[in-house]
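To start, the structure itself, in structure tokens.
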Amino acid sequence: MKHHSIGLTIIVLLLGLMAASSLAKLPGASPEAKAKADEAAAKTTWTTSVANYQLCKSMDKVAAAYFAQAKAAGKPASAPVATPPCTDPGPFAYVAPGEAKPPLEASGAHSPPKPAAEAPSTNKPDAQVNPKK
């Protein structure tokens, strides 16, 4: 009887160790996998936008047919509800964040044309530097 309880204890301990190892943290995704996941998310968002556009167009078509039938039958129809126009999402275009080009600085606000010849501040009082007019 004692032999069975030792074997059962060993089996339970081994199962416990296996369960603990399965809870270990997995390594993070590679940069390629993250980029692919980002692109898939962008594609899903675009696909949803296309579906919403197609739904909007079909609702406009059904509403136009309803009002045309009501008018042809001489039935009074309520005024159509004003809705925003359907916006076409356009073709899918994904630019990876690392591939995006930074905006050009046409004004040169962040990069002066040449180094300063002297310090921007002086020891002179403000009344001497900026005399009243």
Seminar exercise, completed: The ring-ring contact (aromatic ring centres under 6.0 Å, His included) partners of F92 (sequence neighbours excluded) come to W46
For this session: Return the set of residues passing side-chain contact (heavy atoms from CB on, under 4.5 Å) with Q128 (not counting sequence neighbours), or none when no residue passes.
Result: K124, P125
Exercise. Apart from L15 itself, what residues make up its hydrophobic cluster, given side-chain heavy atom links below 4.5 Å?
Worked result: I11
Exercise. Rest of the hydrophobic cluster containing L55 (Ile/Leu/Val/Met/Phe/Trp/Tyr, side-chain heavy atoms under 4.5 Å)?
Worked result: M59
Exercise. Got more than 12 heavy atoms from elsewhere within 6.0 Å of CZ, F67?
Worked result: yes
Exercise. For the atom pair NZ (K36) and OG (S30), what is the distance rounded to the nearest 0.5 Å?
Worked result: 10.5 Å
Show every donor-acceptor pair shorter than 3.5 Å between a side-chain atom in residues 71-91 and any protein atom, with sequence neighbours excluded, or say none if there are none.
unit_1	atom_1	unit_2	atom_2	d
D88	OD1	G90	N	3.2

